[in-house]
Amino acid sequence: MDISFILIGAILIFVLQYNRKVDVQKFVVDSEPYFRILMEDDYEFLLTVKYGNDVDVQKLYGTRIRNGMLAIFVVVFAFLSKLSFVNILFAVIVGYVVFKMPYTQLKGYYRKNLHHINQMLPYYLKSLEILVQHYTVPVALNRSIESAPEIFQPGLRRLIAKIEAGDASVEPYMDFAKEYPVRDSMRMMRLLYRLGVGSQENKQEQLMMFSKTVSALQNKARGQRYKDRLDKMENKTMMMLVCTGGGILMLMLFSMTMMMGI
């Protein structure tokens with residue numbers, strides 16, 4: 001790559017932008033609908049997981065488009081003296097990688113938090129169980145939103161919206177489970193759906209089954225937390241032993257070197 005072409009391109013874009021000959025922001029806004037097809041299905045959900053419900057999805061997606069296009073322009077300018085199909089293809093690949101990078105980072109953040117979500121789900125279901133004893137399942141779900149962990153709130157609102165729109169099938173519950181694909185989420189949402197559509201005569205029996213399952217999940221969560229603490233303590237102990245052993249070994253080697261030198 002010739003760095004001079006990159007500098008010339010950057011200066012040219014800056015001058016055109018400064019003189020209002022080219023409005024980069026307007027170009028990004030105008031072209032954004034054409035790039036809408038590239039938006040990932042779970043992009044908005046991942047943003048709400050990390051930044052909350054007030055996140056500006058359109059603004060962040062526009063920033064991704066701008067950065068990707070700028071990366072393409074920079075690489076094209078770098079190869080301007082020997083432009084070829086391969087170089088243009090390389091520029092497009094670089095731009096696509098830059099465009100995808102924020103989404104990949106969001107996915108990584110979500111995977112790291114899946115374990116945390118897995119730990120919170122049983123305790124949310126326990127609070128929901130108490131509400132279901134006094135209300136119907138849709139009403140209990142609606143009332144549970146404000147006290148639910150923040151990460152579950154967007155999914156719960158979408159679940160309630162689908163139920164209120166007239167969808168009486170199991171699909172809204174399954175969609176919620178797919179949004180939070182942690183241990184037993186599918187099974188628990190199926191149980192919740194059956195509890196919602198069951199008759200009043202069977203409600204107490206189904207509620208007892210739901211309660212037992214939630215309690216079992218809570219016990220698993222406690223056991224996993226205990227195991228995580230033990231693993232963390234073992235790792236710290238092992239690291240301390242390695243550092244101590246390494247320090248002693250270095251000290252012995254230094255002493256031997258000094259003795260041989262004498």
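Counting from 1, the numbers follow the sequence of the chain as shown.
- When all heavy atoms of Gln153 and Glu146 are compared, the pair lying nearest together is NE2-O, 3.7 Å.
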For this session: Check the pair Asp42 / Tyr103 against side chain to side chain donor-acceptor pair (under 3.5 Å), numbers first and verdict last.
Result: CA-CA 9 Å; Asp42 56 348; Tyr103 174 73; 2.8 Å; yes
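- Residue Leu159 is not grouped with residue Leu131 when hydrophobic side chains (ILVMFWY) are merged at heavy-atom distances under 4.5 angstrom, including chains of intermediate members.
- Interatomic distance, Ile65 CD1 to Leu60 CG, rounded to the nearest 0.5 Å: 11.5 Å.
- Scanning both residues, Gly95 and Ala71, for their nearest heavy atoms gives CA-CB, 4.0 Å.
- The OG1 atom of Thr104 sits 8.0 Å away from the CD atom of Glu40 when rounded to the nearest 0.5 Å.
- Side-chain contact between Arg66 and Thr63 is present, with at least one heavy-atom pair separated by less than 4.5 Å.
- Cluster annotation: Ile130 and Met189 are assigned to distinct hydrophobic clusters (Ile/Leu/Val/Met/Phe/Trp/Tyr, side-chain heavy-atom contacts under 4.5 Å, transitive).
- In this structure the side chain of Ser185 reaches within 4.5 angstrom of the side chain of Leu121, judged on heavy atoms.
- Using modelled atom types, no side-chain atom of Tyr61 and backbone atom of Asp56 make a donor-acceptor pair closer than 3.5 Å.
- Residue Met120 holds its CE atom at 9.5 Å from CD of Glu150, rounded to the nearest 0.5 Å.
- Residues Leu195 and Val139 fall into different hydrophobic clusters, defined by Ile, Leu, Val, Met, Phe, Trp and Tyr side chains chained together at heavy-atom separations under 4.5 Å.
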Exercise. Between Lys162 and Asp175, is a salt bridge (Lys or Arg N to Asp or Glu O under 4.0 Å) present by the stated rule, with each step listed?
Worked result: CA-CA 10 Å; Lys162 290 173 186 176; Asp175 290 341; 2.9 Å; yes
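- Contact check for Leu141 versus Tyr173: side-chain heavy atoms found under the 4.5 Å cut-off.
- Of all heavy-atom pairs between Leu156 and Ser144, the closest is CD1-OG, 4.3 Å.
- Note that CG of Asn142 is 11.5 Å distant from OH of Tyr135, once rounded to the nearest 0.5 Å.
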For this session: Show the numbers, then the answer: is there a salt bridge (Lys or Arg N to Asp or Glu O under 4.0 Å) between Glu179 and Arg158?
Result: CA-CA 11 Å; Glu179 282 191 23; Arg158 282 188 283 271; 2.9 Å; yes
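- To the nearest 0.5 angstrom, Arg143 atom CZ is 12.5 Å from Leu128 atom CG.
- Once rounded to the nearest 0.5 Å, the distance linking CZ of Phe176 with CZ of Arg157 reads 12.0 Å.
- Contact between Arg64 and Lys100 at its shortest, heavy atoms only, is NH2-CA, 3.9 Å.
- Minimum heavy-atom separation, Ile72 to Ala91: CG1-O, 3.4 Å.
- More than 12 heavy atoms of other residues, nucleotides or ligands lie within 6.0 Å of CD in Glu129, so this atom counts as buried by the packing criterion.
- Under the 4.5 Å side-chain heavy-atom criterion for ILVMFWY residues, a single connected hydrophobic cluster contains both Tyr124 and Ile145.
- Residues Tyr109 and Phe152 share a single hydrophobic cluster, defined by chaining ILVMFWY side chains whose heavy atoms lie under 4.5 Å apart.
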